[in-house]
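In what follows, a single structure is set out as structure tokens and then discussed.
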There are 2 protein chains.
Amino acid sequence: MVTIKDVARVAGVSPSTVSRVVRGQGKVGKKCRAKVQKIIEEMGYRPNTNARALVSQRAELVGIVTPALHKPFFGSIAFGAEKASRLTSYQVMMRNSQNDPDLEVDAINSLREHGCENMILHSKFGDADTLKSLADKIPGLVFINRFLPEMASRCVWLDNVSGGRLAADYLFKQGHREMAIVSFNSNNEDQIDRINGVKQGLTARGLTLPEANIVLREDAGPDVNNMQEYCTHAVNELLSRDVSFTAIIAYNDEMAIGIMNALFDLGKNVPEDISVIGFDDLDIAQKCRPALTTIHYPIVEMAEYATKLSLQMTLEKEEVIGRTHLFMPTIVERKSVKKIDVV
Amino acid sequence: MVTIKDVARVAGVSPSTVSRVVRGQGKVGKKCRAKVQKIIEEMGYRPNTNARALVSQRAELVGIVTPALHKPFFGSIAFGAEKASRLTSYQVMMRNSQNDPDLEVDAINSLREHGCENMILHSKFGDADTLKSLADKIPGLVFINRFLPEMASRCVWLDNVSGGRLAADYLFKQGHREMAIVSFNSNNEDQIDRINGVKQGLTARGLTLPEANIVLREDAGPDVNNMQEYCTHAVNELLSRDVSFTAIIAYNDEMAIGIMNALFDLGKNVPEDISVIGFDDLDIAQKCRPALTTIHYPIVEMAEYATKLSLQMTLEKEEVIGRTHLFMPTIVERKSVKKIDVV
DNA sequence: CTGTTAGCGCGTTCAA
DNA sequence: TTGAACGCGCTAACAG
């Protein structure tokens, strides 16, 4: 391993000078700089990041903590963060939290031991006080996909209410007047927002959504293991209630597909018999048949933005306060919603 | 930040003693150890990994380099590696290579600057010489999903030939006698192996696969951007050749789904009219309809194994040479293959 | 069993 | 414009 001393010796200068050349800072004579630069390249010298982190008390590290990286939604967060980091000299370090608040704290702490000051945290279940105390210690901590009013300027999140409204509006424009919702009932606030958005959209059109048209289950959250089973139960439940609807609004794409499958298994056609709309716009939404009409969640862009925000918070003087970072979803029209002629 | 000196001062001992307690090594008096331990916990002391890495010349880091983390297959590699790392004190650092050999080398080098000695590399296009010279410098470099004969003991890979054979065998048992293959034609050796496997399977049954039943395209590899378009073209091509077959063997699940969609768009039913079989067993395979019969690729287990292997190579004395690490695929039976009664 | 010393590679003073 | 000296937090070698 070639060190700064090696370069200095060969170049006939002091380590300090090499250091100045490497960092492009400080006054160095023109000729001297060129010579040192040349030798650096010849010897293939690369600064030791550990030594740097030690002396400067900051590692150029972006930490990512998400529930499970093999899920495309979270993989996209990692992808976006890496994309943004690559523009700088920062590296990405990651940990899965498995949605366990304790593991989450473990993950964060172990990242901190590495001098990681920049972190993107996807936490749905960590309690606000814990997160607040973490944020006080970690200057570059940013929350993705969660809104904490007391730390609004660190939150990069999506307007789920708008997403719900978008779904209701779109269905209305396609001629639908009676809709149903299949979602979860957990601590996760996203689905509450999405449902409220749907209700708002309908109210604005002078329509209402009967409570019987909403299917929720107490014992499940978005990370339920057997999604298909859950959806099959939910669809059966909905049909057994004997309420009327022409479209189902799903909590997300995964559920939408589970619902389409359940309907398929019951011999019902989507969208001919029943329309279905999703949320997230995962890859799978364009790969299933019928291709899923859904609400696009710009997660890669959000992760890139979150990473840049985090970097800005630690690198620049100006505080990024007084505003939050709210992204807007959009609708992606595909084939799972039928156009109904309004009489 | 609380340092080893702080703990030493409060405990009334020397930093070395604290160090011994922390690492659980060396001789420390029973009472002394207990006291130091208590103070460590009270003060919330955590060793600075950068200082450790600096002095020991090795960081406890597992680096992962894959083409693109937002794809579930690669996300699963990261997931598996993290899962294995979490059992130790190692952290995971990751980079996307975007299938670009230059970016790949960049990624590896920047990982090395962090003292990362353990790396899991998913490289399909890096040339053998480059990889060999990398391997000489990086003691814990492991290749996943690639076989390099000269570095066999560092390769954790899948028996693609067996996978192809498995597909052919299964189809044969379901009564199929005439099959078609839709795949790619790039430098990637996987598809060649898989096709050879299919041929082997058929040969063993006394059957042959006419070349006209194989559709490949020169200008595309597994990372083709518009998979659906590619599959639609491929299916049209196959049908226009007017060859006879009852089942299509796809290169992977993504293609299989593209093929099913193309058939669907042409008004053909899977599996009633044509059977389809995939490869990989991604999440999507069980979520599409008909659910996809496919060859299971145990990628998470392989990534875990690769990580442990890498750790073993750097931590333990015994060399892990003289054998390679070949995983076997299995078949997962779902709904996309029709059972044909053999007359 | 415990403490002292030295040094990992680097950035940051402060003198020259 | 350049160099020498110091210390970041820790471990290893040695001394006691």
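Note: hydrogens, waters and symmetry copies are ignored here, and every other heavy atom, side chains too, is used. Here is the naming used below: chain letters follow the sequence lines, and residue numbers restart at 1 for every chain.
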Which nucleotide in dT2(C), dG9(C), dA4(D) has an atom nearest any side-chain atom of Val28(B): dT2(C)
Grab the CZ-C1' distance between Arg9(B) and dG3(C) for me, whole Å please. 17 Å
With nearest nucleotides of DNA chain C determined for Tyr45(A) and Arg33(B) from heavy-atom distances, which residue corresponds to the more 5′ nucleotide? Arg33(B)
Over 60° means perpendicular and under 30° means parallel, so classify the ring planes of Tyr305(A) and Phe327(A), tilted if in between. perpendicular
Pick out which of Ile4(A), Val7(A), Val2(A) makes a side chain to side chain contact (heavy atoms under 4.5 Å, CB included) with Ile40(A). Val7(A)
Between dG9(C) (P) and Gln57(A) (CD): distance, integer Å: 19 Å
Return the nearest nucleotide to the side chain of Thr3(A); candidates are dT11(D), dT1(D), dG9(C). dG9(C)
Side chain of Met1(B) - closest among dG9(C), dG9(D), dG3(C): dG9(D)
Does Ser56(B) contact dA12(D) through a side-chain donor or acceptor facing the base, at a distance under 3.5 Å? no
Please give, in whole Å, the distance from dG9(C) P to Asp6(A) CG? 8 Å
Rounded to the nearest 0.5 Å, how far apart are CD of Glu82(A) and CE of Met94(A)? 12.0 Å
Any side-chain donor near an acceptor of the partner, Glu60(B) and Thr49(B), under 3.5 Å: no
For dG3(C), does OP1 or OP2 lie under 4.0 Å from any side-chain N or O of Thr17(B)? yes
Expressed as a whole number of angstroms, how long is the span from Asn48(A):CG to dG7(C):P? 18 Å
Apply salt bridge (Lys or Arg N to Asp or Glu O under 4.0 Å) to the pair Asp6(A) and Arg9(A), showing each step before the final yes or no. CA-CA 5 Å; Asp6(A) 299 327; Arg9(A) 189 167 18 78; 2.8 Å; yes
dT11(D) OP1/OP2 closer than 4.0 Å to side-chain N/O of Ser19(B): yes
Looking across every strand, which nucleic acid part, if any, lies under 4.0 Å from Pro47(B) by heavy atom: base, sugar-phosphate, or nothing? sugar-phosphate
Separation of dG11(C) atom C1' from Lys27(A) atom NZ, nearest Å, is 18 Å
Assign each of Ile4(A) and Lys30(B) the nucleotide of DNA chain C bearing its closest heavy atom; nearer the 5' end lies the nucleotide of Lys30(B)
When the distance from CD of Gln25(B) to C1' of dC1(C) is rounded to whole Å, what number comes out? 16 Å
Tell me the interatomic distance from Arg52(A), atom CZ, to dG7(D), atom P, rounded to whole angstroms. 22 Å
Any base atoms under 4.0 Å from Val55(A), or only sugar-phosphate, or nothing? Heavy atoms, all strands. base
Any N or O donor-acceptor pair under 3.5 Å from the base of dT4(C) to the side chain of Ser16(B)? yes
When you measure only distances, ignoring hydrogens and angles, does the side chain of Arg20(A) come within 3.5 Å of the base of dG3(D) through a donor and an acceptor? yes
Can you tell me how far P of dG9(C) sits from CZ of Arg23(A), to the nearest Å? 18 Å
Measure from the side-chain heavy atoms of Val13(B) and tell me the nearest of dT1(D), dG3(C), dG9(C). dG3(C)
Parallel under 30°, tilted from 30 to 60°, perpendicular over 60°: which one fits the rings of Phe79(A) and His70(B)? tilted
